J.: 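Take this structure first; my questions come after.
Residue numbers start at 1 and run along the sequence shown. Please read all numbers here as calculations on a predicted model, not as lab measurements. When reading the values below, keep in mind they use all heavy atoms of this one structure, side chains included, and skip hydrogens, waters and symmetry mates.
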Amino acid sequence: MNKLLLGCALSALAAGSAYAQSTGSVDFQSKEIVVTGTRNKSVAGVQIPETVQPKEVLTSTFIQHQTAGQSIDEVINQLPGVSYQNNDPYGSSGGTLTIRGFDASRVSQTWDGMPLNDTGNYALYGNQQLDMELIDQVNVNLGTTDVDSPTASATGSTVNYRTRNPFDEFHVRLQGSTGEYGYFRPFFVVDTGVFTPFGTKAFISGSHEENENPYNSTSKTDKWQVNAKVYQPIGSNGDFVSLAGHFNRNRNGNFSSIPLRVDASPTRVVGSGSGNRFPISKDERDYTAFVRASCAPSASNPNGGTDLPQTGVADAPNSCGTLFDQSFNPSDTGNVRINSRFTLADGLVLTLDPSYQYTKANGGTGAVKANEGFYTRAAGGANAAITKPIYGYIGGQAYFGGVDLNGDTDVIDTPGRAASGALTNTSQGVELYAPSHTQTHRIGLIASLRYDISPTQTIRINYTYDHGRHRQTGALSTLNPNGYTNQYFPIDAPLTDANGNVIQKRNRLSYAILNQGSAEYRGKFFDKLTVTAGLRAPYFTRKLNNFCVTESGGTFVDCFTDPVSQAAFLAATPGAVAPIKRNLHFHKLLPEGGVTYDFTPVLSAFVSYSKGLQVPGTDNLYQSLAFAPGTAQPVPETTDNINTGVRYRSSKLQAQLVGWYTFFDNRLASAFDPIQDITVYRNLGKVHK
């Protein structure tokens with residue numbers, strides 16, 4: 001499908017009913033309040049709903065004809081205004097999503113009403129989505145969101161998808177996919193059919209996907225996923241309760257970014273290091289040999305691999321294991337979701353959608369040079385001397401205080417220091433695996449009560465709750481001789497200092513909490529004019545707990561397990577801030593509304609307005625903890641979104657032309673401060689899109 005995005009989006013799509021993210025939104029938007037009108041049929045599973053906000057919908061008819069195993073984010077890439085770039089050909093290594101030019105941190109994604117954006121930085125992970133074979137429908141709200149959305153980040157748009165229900169008849173599906181780069185993916189699903197007198201039905205499914213990085217075969221992807229759902233109808237008026245569960249296991253090798261420089265000097269080869277360059281020919285695209293060369297045999301290490309430990313020698317590690325390509329981005333994610341609908345009286349409907357999510361994941365840089373000994377510092381610049389040896393994760397390096405890290409029976413594998421405090425013999429030490437670890441527990445609830453005032457007038461009130469506990473640590477583990485870690489998750493068997501305490505490169509605990517009330521009205525007048533109006537009232541709480549010492553600007557941290565070492569470092573380092581906690585609160589009233597007018601049964605026009613909000617994420621708020629409360633702290637970003645357009649909707653053809661404008665206030669971004677020589681998260685003021 002061709003796409004055009006020139007301040008507006010032009011699309012020739014198909015008609016159908018509109019669905020949304022939560023059960024309450026589905027119930028509200030699919031409620032028949034239109035007395036007259038033309039019935040529009042779907043064409044190839046692509047729909048443009050007749051709503052006041054611009055939306056684009058893909059049904060299972062369309063989704064099931066796409067490449068098996070792909071992320072649903074890659075599927076919506078075919079919609080106007082949406083852009084998604086996979087990190088691999090098959091959808092298991094993540095990618096980059098933008099909608100109308102808004103990055104993924106400003107796009108809210110939900111699954112059966114459950115929010116999927118990271119609680120710390122609002123990131124989206126395309127490789128952790130539901131298997132595409134089980135998705136009933138996905139819709140994209142362009143530049144807006146539903147009033148009950150559990151999001152802190154939707155100043156851009158929202159992507160909502162829903163799991164299909166189990167089939168009424170017994171059904172088994174088994175399929176396999178294979179392709180280049182070692183790609184292989186089996187998938188199965190078993191539907192029980194109705195198996196009780198009460199109409200109960202269920203399904204269970206599983207899949208496994210594996211492939212190699214197209215240009216570096218040493219980097220592999222391995223993903224397992226299991227899903228199950230039980231559906232219980234209640235009565236004959238559409239009421240139901242469903243319970244669904246999901247688990248996804250990724251063990252992905254990192255995909256590198258290659259420097260864009262192309263000067264092909266004899267010493268500059270293709271690779272991901274800062275001193276490498278971009279491939280300039282087809283033959284150079286495969287840089288597997290470069291990765292393997294980092295662990296090749298040498299005169300000092302005849303068998304190749306990581307540095308050969310030597311007793312009584314201050315060992316100097318080679319480059320084996322230091323490449324980004326030799327680290328991983330593993331994740332274990334799971335959730336439990338309940339969707340339900342209950343008719344309390346004639347025209348009065350209650351929906352409840354509780355959920356629980358679990359995430360265990362890490363990523364970032366791979367190896368760091370660690371020190372078996374202690375940290376000392378002579379007086380220099382504004383810093384006082386630290387003459388009593390201390391230990392911890394200091395200045396970007398780990399000091400274990402007398403621990404044999406590489407099994408050579410000595411503890412002398414430590415870089416030396418000059419009188420000024422500067423490191424000497426920086427090649428010495430022990431390479432360790434040091435990813436950034438995250439563990440999240442998240443519970444949520446969306447409750448909605450709808451009341452039909454008349455056949456053409458409907459209101460609903462909603463309550464939304466989202467509570468994320470975000471634990472971020474940075475434990476370390478050793479490397480295998482081939483340069484790869486022996487622990488996907490170092491936190492499972494972390495290295496400890498001489499006193500048995502876990503050395504961490506970061507150590508913080510965050511809570512991201514949302515309490516939101518909202519209301520919405522929809523009415524039809526004169527059989528031609530539809531009016532909607534809504535109001536969201538979100539109240540956000542951010543609880544920040546940093547257990548490490550923060551240096552200037554909040555950009556760098558030094559983490560100690562020993563209170564004596566921490567006190568000595570603080571006393572000798574002006575401007576450093578001791579471990580600190582702070583609670584922050586944000587709230588805003590967010591109105592939205594719009595109208596549609598039917599000129600003919602197939603031709604209509606619409607205009608809408610919505611106010612969006614992005615609250616600073618916990619990851620970025622930690623940068624403000626080194627400053628006094630109320631200073632250097634960014635305020636929420638808000639947007640005023642205006643959409644207007646026309647639609648042609650018949651049973652054979654549909655077309656939509658949309659023009660939009662977004663006004664940012666207090667736009668959030670990371671910006672470099674040349675005076676302090678640090679990157680600061682701050683408000684940039686007004687921006688128009």
Side-chain angles (χ1 to χ4, degrees), residues 45 58-76 86 88-95 111-112 114 116 125-138 161-196 199-212 220-233 240-252 330-339 355-360:
L58 301 175
T59 71
S60 60
T61 303
F62 182 92
I63 295 170
Q64 301 312 315
H65 285 83
Q66 307 308 304
T67 304
Q70 274 292 356
S71 167
I72 189 62
D73 294 330
E74 167 64 19
V75 175
I76 64 172
N86 258 335
D88 72 358
Y90 303 116
S92 293
S93 300
W111 171 10
D112 292 344
M114 180 183 68
L116 297 178
Y125 304 101
N127 60 333
Q128 297 174 9
Q129 307 304 319
L130 173 65
D131 278 340
M132 193 174 62
E133 292 87 350
L134 303 175
I135 296 178
D136 178 62
Q137 188 182 78
V138 57
Y161 66 83
R162 296 185 64 80
T163 312
R164 73 163 174 86
N165 286 330
F167 298 144
D168 291 337
E169 304 293 334
F170 177 76
H171 178 85
V172 177
R173 178 182 179 183
L174 177 63
Q175 69 182 44
S177 306
T178 186
E180 293 182 286
Y181 313 115
Y183 174 74
F184 181 67
R185 179 182 183 265
F187 169 85
F188 81 89
V189 59
V190 178
D191 284 79
T192 64
V194 176
F195 63 91
T196 73
T200 312
K201 51 187 177 180
F203 73 67
I204 185 170
S205 74
S207 67
H208 174 237
E209 189 167 341
E210 61 183 30
N211 61 271
E212 300 172 350
K220 301 181 185 300
T221 294
D222 192 349
K223 182 172 81 170
W224 293 83
Q225 187 172 131
V226 177
N227 293 280
K229 184 174 182 177
V230 179
Y231 182 88
Q232 177 62 62
F240 70 92
V241 175
S242 72
L243 171 65
H246 163 86
F247 180 75
N248 189 89
R249 179 186 184 273
N250 277 72
R251 295 296 181 265
N252 292 357
S331 64
D332 290 339
T333 56
N335 63 65
V336 177
R337 313 175 309 282
I338 296 176
N339 298 105
S355 62
Y356 166 76
Q357 298 181 70
Y358 171 77
T359 299
K360 179 181 180 181

J.: Considering non-hydrogen atoms only, spot the tightest contact between Pro233 and Thr200 and give its length.
T.: CD-N, 4.4 Å
J.: If we only count heavy atoms from C-beta on, is the Thr333 to Gln357 side-chain gap below 4.5 Å?
T.: no
J.: Which residue pairs pass the ring-ring contact (aromatic ring centres under 6.0 Å, His included) test with at least one member in residues 162-187, sequence neighbours excluded?
T.: Tyr90-Tyr183, Phe167-His171
J.: With a 4.5 Å heavy-atom cut-off, do Asp136 and Ser60 have their side chains touching?
T.: yes
J.: Taking all non-hydrogen atoms of both residues into account, name the closest pair between Met114 and Ser355 and its distance.
T.: CG-OG, 3.6 Å
J.: Which heavy atom in Thr61 sits nearest to a heavy atom in Gly45, and how many Å separate them?
T.: CB-CA, 3.7 Å
J.: CZ of Arg162 to CD1 of Ile135: how many Å apart, nearest 0.5 Å?
T.: 12.0 Å
J.: Identify the two heavy atoms, one from Asn248 and one from Asn127, that lie closest to each other, and give their separation to 0.1 Å.
T.: ND2-O, 3.9 Å
J.: Which value, rounded to the nearest 0.5 Å, describes the distance between Tyr358 atom OH and Phe247 atom CZ?
T.: 8.5 Å
J.: Write out all pairs satisfying salt bridge (charged side-chain N to carboxylate O under 4.0 Å, His left out) with one or both partners inside residues 174-193, taking only residues at least two apart or from two chains.
T.: Asp131-Arg185, Glu133-Arg185, Arg164-Asp191, Arg185-Glu209
J.: Might you point out which heavy atoms bring Thr221 and Ser93 nearest each other, and give the distance in Å?
T.: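 Result for this residue pair: OG1-OG, 3.1 Å.
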J.: Locate the shortest heavy-atom distance separating Ser177 from Ala68; write the atom from each residue and the value.
T.: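 Taking Ser177 first and Ala68 second, the nearest heavy atoms are OG-CB, 3.5 Å.
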J.: Taking atom types as modelled and ignoring hydrogens, do the side chains of Asn335 and Arg337 form a donor-acceptor contact shorter than 3.5 angstrom?
T.: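 Yes, a side-chain donor-acceptor pair sits under 3.5 Å.
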J.: Looking at side-chain heavy atoms only, is the closest gap between Met132 and Thr67 below 4.5 Å?
T.: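 Not touching, per the 4.5 Å side-chain cut-off.
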J.: Which distance, rounded to the nearest 0.5 Å, do you find between the CD of Gln128 and the CG of Asp332?
T.: 9.5 Å
J.: How about Leu130 and Ile72: do any of their side-chain heavy atoms sit closer than 4.5 Å?
T.: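 Side-chain contact under 4.5 Å: no.
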J.: Rounded to the nearest 0.5 Å, what separates atom CZ in Arg249 from atom OG in Ser331?
T.: 9.5 Å
J.: Calculate, to the nearest 0.5 Å, the distance between atoms CH2 and CD belonging to Trp224 and Glu210 respectively.
T.: 8.5 Å
J.: Tyr161: which residues meet the ring pair (Phe, Tyr, Trp, His ring centres under 6.0 Å) condition with it, sequence neighbours left out?
T.: Trp111
J.: Is there a side-chain contact between Thr59 and Gln64 in this structure, where contact means two heavy atoms from C-beta onward sitting under 4.5 Å apart?
T.: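 Sidechains of Gln64 and Thr59: no contact.
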J.: Please determine, by modelled atom types, if Asn165 and Lys229 share a side-chain donor-acceptor pair under 3.5 angstrom.
T.: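 The criterion, which ignores hydrogens and geometry beyond distance, is satisfied for Lys229 and Asn165.
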J.: Apply side-chain contact (heavy atoms from CB on, under 4.5 Å) to the pair Tyr125 and Asn250, showing each step before the final yes or no.
T.: CA-CA 11 Å; Tyr125 304 101; Asn250 277 72; over 6 Å; no
J.: Is there a side-chain contact between Leu116 and Gln129 in this structure, where contact means two heavy atoms from C-beta onward sitting under 4.5 Å apart?
T.: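 Touching, per the 4.5 Å side-chain cut-off.
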J.: Between CZ of Arg251 and CG of Asp222, what distance do you get to the nearest 0.5 Å?
T.: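 Reported to 0.5 Å precision, the distance equals 8.5 Å.
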